[in-house]
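Step one of this worksheet: look at the structure below.
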Amino acid sequence: MKSASLILFILFVNWLQSCGPSRRFGTTIERDENNPCQINIIIQVALEGTDADVQAVKNDLEACYSKQCFIPCDKDSTKGCMTKTTIVVKKYGELKEEERDAYHYVYMVDNDGLPSNAYIGTPNAGASSGTWRRNAAPRVYCHEVLHFCGLEDKYCSRIYDPVKDSVIIELTCNPPPEPNGGNCCTPSATDTRCSTPCDGHDHNLMATVGADLSCQNILDIVRKAGLDNCPLECCASGKTFTKPPPEIHVTPGYLHFGDKNTSFGAYGGSTGISIKIKSSWGVGIDAGYYMHTEKDNTYKETSGILTITGGVKYTGNSPAPSKLIISGHAMAGIASYSQKVTVGNNSNKNTVTSAHLNIGAALDLKLNRFWNIRLLQLSYAPTFFYESTQHNFKANAGIVYKLQKR
Amino acid sequence: MVRKMLLLFCLITVISLSALSQTVVFINAGSRAAWGNQQQLLIDAGGNARYYLREVNGPVKDSIIFILSATQLQSFFEKAETSGFFTLNTSYDGGAVDGAGIYISLNNSGRKHSVSLVNTDVPAINELIRWLNSLLEPQKIVINYGQFVQSKRR
């Protein structure tokens, strides 16, 4: 029953994350409404294909575009803004009629060894389209999405025509010059079409799918939208983009403690701090105390559980417009279980300690730069007292304060 | 006199052989990106055909040498004439980037013309390549420049 509740909760959170309001364009580039030092790039792609296509393309693009890039201030390159890219991939047939114009349209076809294609789009204006081959090589979809965002190819190509005994110019570099002394590359009677990256683009994803997405690619996109700069308020002082600030949480809650021999519900709360070490990953410590009291005439039993854990925390990338933040945590530490039994004027206290795990997820609602409301945090928190395993569950809600300068 | 006749005979033979080995059909089909597969087919006036399937800037994946009969080659040129190949523009571009296309260059008794297609369809080219693919069927070669995919643009 408890497991089913947990699964339902996770499904609910996933649903909440997937139903953020969609943007008007295939590629939307804008400053974050709450943080002008963050530039949000939201790319919406609708596939005419199978569910498997949607999942495969989504996985590929999310892996490629998880990169966050720094836009330095003009006068102080240690300060600046950050970009955050959000990829939304949906099945074209499942979009509402009015949503369709806000998604790049992709027609999925079987892989016949030919490259996928794309029409070059414009950020913050309409949406583009393309025909993509299934099971394409890594980074091909990533490359085609850059076309949707307005970037051009950075390779040139030539064809040798043995009938005319001449070399035909197929694609040229923009801007010139062509590599290899202006010849691009040299096709021959046995290799009649050749292609090579334009000068300075050997490691550019727009020239070769052998290269990874770079921050230069991202900044080129942002430049197309005229947002490749950092406003004065971000470069002056307090609002300058830095790593996400540490967070302190205070979350009253309920702990269901016990095993097959004994069980009870305890009320108390947890507090702790988490520090981001990467955009999504952080470390944290958490301390909690939960208490349960039973009274019967002169008999009183008080149980207290003190927990201290430390571990990792993962914060998911929710769609930029969404104010909901989902996070997961996996921590380990110790728990101290004290029992005080009072009968009349006599009392006896017993305390034992055990290893303790704390694994769960939390859903926060972002209020402003400083405060979040923790709507719900559910944790599985087993302990191992008396050579037995107590399968404990915690439910908390409360507040989160972000430690940053005002 | 005999020496002069022998010299003339040799000259005519060399010119004839040279003319026969002149490439009269050249096709490069497939990738128009910096990756992906491309096919190339070269046929000389004697019907000697060389076919390669290779990756762009990459290794040869498949190749075959075979002979088309004079009748087959003639039928191909007749198809080129009736489909209007020699009156087509030299270039058709669908506007998309990367993707696939075809470059066809023909020399029909000294009448030369080439057509390039990128990410688009031209009925005359489809008709000509359909005919060519029927001639190449015994070799299990299918020239593919994306014509089998109904590319959609919204």
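What you see below is based on every heavy atom in this structure, not just the backbone, and it leaves out hydrogens, waters and symmetry mates. We name chains A, B, ... by the order of the sequence lines, and we start the count at 1 in each one. Being a predicted model, the structure only gives us computed values, none of them experimental.
Only the side chain of Val56(B) comes within less than 4.5 Å of a heavy atom in chain A; its backbone stays farther off. Of the two parts of Tyr145(B), only the backbone, made up of N, CA, C and O, holds a non-hydrogen atom closer than 4.5 Å to a non-hydrogen atom of chain A. Contacts of Leu53(B) with chain A are absent, with no heavy-atom separation under 4.5 Å from either backbone or side chain. Only the side chain of Asp153(A) has a heavy atom closer than 4.5 Å to any heavy atom of chain B. For Val140(A), the part lying near chain B is the side chain, with the backbone staying farther off; criterion is any non-hydrogen pair under 4.5 Å. Neither the backbone nor the side chain of Ser116(B) comes within contact range of chain A; no heavy atoms are under 4.5 Å apart. The contact between Tyr103(B) and chain A is made entirely by side chain atoms (from C-beta outward), counting heavy-atom distances below 4.5 Å. In this structure, the portion of Ala207(A) lying under 4.5 Å from any heavy atom of chain B is its backbone and not its side chain.
Ring planes of His143(A) and His147(A): perpendicular class, angle over 60° (limits at 30 and 60°). Using cut-offs of 30° and 60° for the angle between ring planes, the Trp35(B) and Tyr155(A) rings count as perpendicular.
Most heavy-atom pairs under 4.5 Å with chain A, from the set Ala100(B), Ala33(B), Gly30(B), Gly36(B): that is Ala33(B). Taking Val25(B), Asn107(B), Asn28(B), Val60(B) one by one and counting their heavy-atom pairs under 4.5 Å with chain A, the maximum is reached by Asn28(B). Contacts with chain B were tallied for Ala118(A), Ala137(A), Cys194(A); Ala118(A) has the most, counting heavy-atom pairs under 4.5 Å.
The SG atoms of Cys173(A) and Cys198(A) sit under 2.5 Å apart. On the SG-SG cut-off of under 2.5 Å, Cys64(A) and Cys142(A) qualify.
A cation-pi arrangement, defined by a distance under 6.0 Å to the six-membered ring centre and an angle within 45 degrees of its axis, is present between Arg100(A) and Tyr92(A).
No donor-acceptor pair closer than 3.5 Å links the side chain of Asn89(B) to the backbone N or O of Ser91(B).
Between Ile71(A) and Leu227(A), the closest heavy-atom pair is CD1-O, 4.1 Å.
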Given the rule in the side chain to side chain donor-acceptor pair (under 3.5 Å) test, do Ser116(A) and Glu144(A) qualify, once you have shown the distances and angles that lead to the verdict?
CA-CA 8 Å; Ser116(A) 300; Glu144(A) 302 306 337; 5.3 Å; no

